[in-house]
Amino acid sequence: MSDEQQTMDAFVLHEHGDMDALRFHRDWPRPTAGPDEVLIRVGACGLNNTDVNTRTGWYSKSVTGATDSSGAAQTDKADPSWGGAPVSLPRIQGADVVGIVVAVGSNAPTDLMGKRVITDNWLRNWDDPMNRETTGYYGSECDGGFAQYTKVDHRNVGVVNSGLSDAELATFSCSYTTAEGMLARANAGEGDRVLITGASGGVGSALVQLAKRRGAYVIALSSPAKHEILRGLGADVVLDRAPDNLGDALHQATGRAQVDVVCDVVGGAYWPKLIDALCRGGRYACSGAIAGPMVEMDLRTLYLNDLSLQGSTMVAPHIFRDVLRYIEQGEIKPLLAATYPLSKLKQAQAAFLEKSHVGNIVVIPDAS
C-alpha cells in the first residue's frame with residue numbers, strides 16, 4: 001500500500017469485551033497528521049497489559065480479579081480505562097510503535113521526514129508536561145499502532161539510531177519507561193537489593209536489566225523454566241515466582257532475609273509476603289496487578305518499619321529520552337518473544353495472556 005492511499009489495515013476495538021470486541025478491517029480510514037503531528041508508517045507495534053485491560057474493562061473498580069478478568073458485562077461505563085474515564089470507541093489500540101515518518105504537520109520539524117522513530121506513549125499538555133490531570137495514553141485516549149499507519153504529536157517521537165529491527169525496537173517503549181519510572185520512584189541504586197516480581201514479563205525483564213544498570217543486586221521471581229534467560233539478562237539470583245516462605249528463600253540464596261526495594265507488577269494474594277520482605281526503611285513500587293488488585297496489609301508493618309509505598313504510572317518526559325540513549329549505547333537489549341502479523345492480533349493477544357513467554361510479543365504489518 002502506498003503512502004498516498006486513503007485506507008489501511010487496522011485492528012479496531014469496537015466495545016469492551018472478549019476477543020470478539022477486536023475486529024480486523026482492510027479499509028479503515030488512514031489518519032492525516034494535524035499541525036503538531038507526524039504520520040508514521042508502522043513497522044512494528046508491541047503488546048502490553050494496557051491493551052488487554054482496556055479491552056476487558058479491567059480498570060473498572062467493579063473488577064477485583066486478575067488482569068484476564070473481564071469487567072465488560074458489569075463495568076460502570078464511567079471507569080473502564082486506566083485514567084478512570086471512558087475510552088472513545090471505536091479505538092485502534094497499540095502503544096509501542098516503531099516506524100518511519102512519512103508526513104509532518106505544519107508545526108512539526110521537517111527533519112523528522114523519513115526518520116525511523118519510536119513513540120513516547122504519554123500524551124501530555126506540552127505547556128505543563130508533568131500535569132497528571134491532563135495526561136493520556138497512546139492507544140487509549142487516541143488511536144495507536146495496531147494499524148498500517150498512525151499519527152502522534154511530534155514531541156511524542158524519538159529518532160532512534162540502532163541496528164536493531166523494528167520488531168526488536170518495539171519491545172522497549174512501554175516496558176522500559178515503566179520499569180525505569182518504577183526504579184526512579186523507589187530511588188533504587190548502587191548496592192540496593194531489588195526484588196522483582198513477574199520478572200519474565202515485558203516490564204519485569206526490563207526491570208532486571210535497568211536495575212542491574214543502576215548497580216543494584218537483582219533478585220528475580222519467575223517460574224523455573226525461565227530462570228536461565230533471566231540470569232542471562234543480569235539477575236544475580238532467580239527464585240520461584242512465589243516461594244512459600246519468601247524470607248527463608250531469600251536468606252538461603254543471598255544470606256539476607258530482606259531486601260531494600262520491591263518492584264511489583266503482580267499484586268494479588270502473595271502481596272503481603274512482598275511487604276514483609278522489605279527491610280526497615282524499604283521502598284516498594286507498583287505498576288501493575290496481574291494477579292489481582294485487591295490486597296491485604298497490616299498497617300503496623302508499614303509504619304513500624306518506616307516503609308515507603310509508591311504507585312508508578314506516569315513518568316517524567318526525560319525517562320523516554322533516557323531509554324533511547326540506553327538503546328543507542330547498547331546498555332539494554334531487546335527480549336523479543338515472538339512476532340505475529342497484524343491480522344493475527346487476536347492470536348498474539350491470546351499468547352500474551354498465556355504468559356509462557358519471556359519478554360515482549362510484537363505485531364508487524366501483513367505483507368502487501
Can the ring centroids of Phe146 and Trp28 be said to lie less than 6.0 angstrom from one another? no
Query raised in the report: When you check the side-chain N and O atoms of Asp128 and Thr134, is any donor under 3.5 Å from an acceptor?
Result: no
The complete set of salt bridge (Lys or Arg N to Asp or Glu O under 4.0 Å) pairs with one or both residues in residues 265-281, sequence neighbours excluded, reads none
The side-chain hydrogen bond (donor to acceptor under 3.5 Å, both in side chains) partners of Thr254 (sequence neighbours excluded) come to Arg193
Note: Ser173 and Asp96 closest approach over all heavy atoms is CB-OD1, 3.3 Å
Practice problem: Could you tell me whether the side chain of Thr339 and the main chain of Val362 form a donor-acceptor pair under 3.5 Å? | Solution: no
The side chain to side chain contact (heavy atoms under 4.5 Å, CB included) partners of Met294 (sequence neighbours excluded) come to Thr64
Between Gly181 and Val315, the two heavy atoms sitting closest are CA-CG1, 3.9 Å
From the list Glu180, Arg321, Glu331, side chain to side chain donor-acceptor pair (under 3.5 Å) partner of Tyr326 resolves to Glu180
- Hey, any chance Val117 and Leu123 share a hydrophobic cluster, counting ILVMFWY side chains that come within less than 4.5 Å of each other, even indirectly? yes
Rounded to the nearest 0.5 angstrom, the CG-SG distance for Asp306 and Cys279 is 10.5 Å
- prompt: Where does the angle between the aromatic ring planes of Trp271 and Tyr284 fall among parallel (under 30°), tilted (30 to 60°) and perpendicular (over 60°)?
  reply: perpendicular
Are more than 12 heavy atoms from other residues, nucleotides or ligands located less than 6.0 Å from atom CG of Asp244?
no
Residues at least two apart in sequence or cross-chain that pass salt bridge (charged side-chain N to carboxylate O under 4.0 Å, His left out) with Arg124, listed by chain then number, are none
Which of Val358, Thr171, Ile361, Leu164 passes side chain to side chain contact (heavy atoms under 4.5 Å, CB included) with Leu336? It is Thr171
task = Answer with yes or no whether the hydrophobic clustering places Val12 together with Tyr138; edges join I, L, V, M, F, W, Y residues whose side-chain heavy atoms lie under 4.5 Å apart.
result = no
### Query
Any donor-acceptor pair under 3.5 Å linking the side chain of Gln93 with the backbone of Asp51?
yes
- Item | Stepwise side chain to side chain contact (heavy atoms under 4.5 Å, CB included) test for Val218 and Asp236 | CA-CA 5 Å; Val218 175; Asp236 296 284; 4.0 Å; yes
- Message: Between Ser60 (side chain only) and Val63 (backbone N and O only), is there a donor and an acceptor less than 3.5 Å apart?
- Response: no
* To do: Give the cluster check for Tyr270 versus Leu307: same hydrophobic cluster or not, with ILVMFWY residues linked at side-chain heavy-atom distances below 4.5 Å.
  => yes
For residues 160-187, the ring pair (Phe, Tyr, Trp, His ring centres under 6.0 Å) pairs (sequence neighbours left out) are Phe172-Tyr176
Would you call Glu328 and Arg325 a salt bridge, using N to O less than 4.0 angstrom?
no
Residues passing the salt bridge (charged side-chain N to carboxylate O under 4.0 Å, His left out) test with Lys333, sequence neighbours excluded, are none
Take atom CD in Glu133; do more than 12 heavy atoms of anything else shown fall under 6.0 Å from it? no
- Verify the cluster assignment for Val261 and Leu230: are they in a single hydrophobic cluster under the rule of side-chain heavy atoms below 4.5 Å apart? yes
Worksheet item: Should the heavy atoms of other residues, nucleotides or ligands under 6.0 Å from CZ of Arg214 be counted, would the total exceed 12?
Response: yes
Under 4.5 Å between side-chain heavy atoms, counting indirect links through other Ile/Leu/Val/Met/Phe/Trp/Tyr residues: same cluster for Val323 and Val157 or not? no
When rounded to the nearest 0.5 Å, the distance separating CZ of Arg241 from NZ of Lys355 is 10.5 Å
Quiz item: Do other residues, nucleotides or ligands put more than 12 heavy atoms under 6.0 Å from the NZ atom of Lys212?
Solution: yes
**Asked** What class does the angle between the rings of Phe24 and Phe11 fall in, given that below 30° is parallel, 30 to 60° is tilted and above 60° is perpendicular?
**Response** tilted
**Study point:** Test item: Arg23 and Glu15 side chains (from C-beta on) under 4.5 Å apart, heavy atoms
**Key:** yes
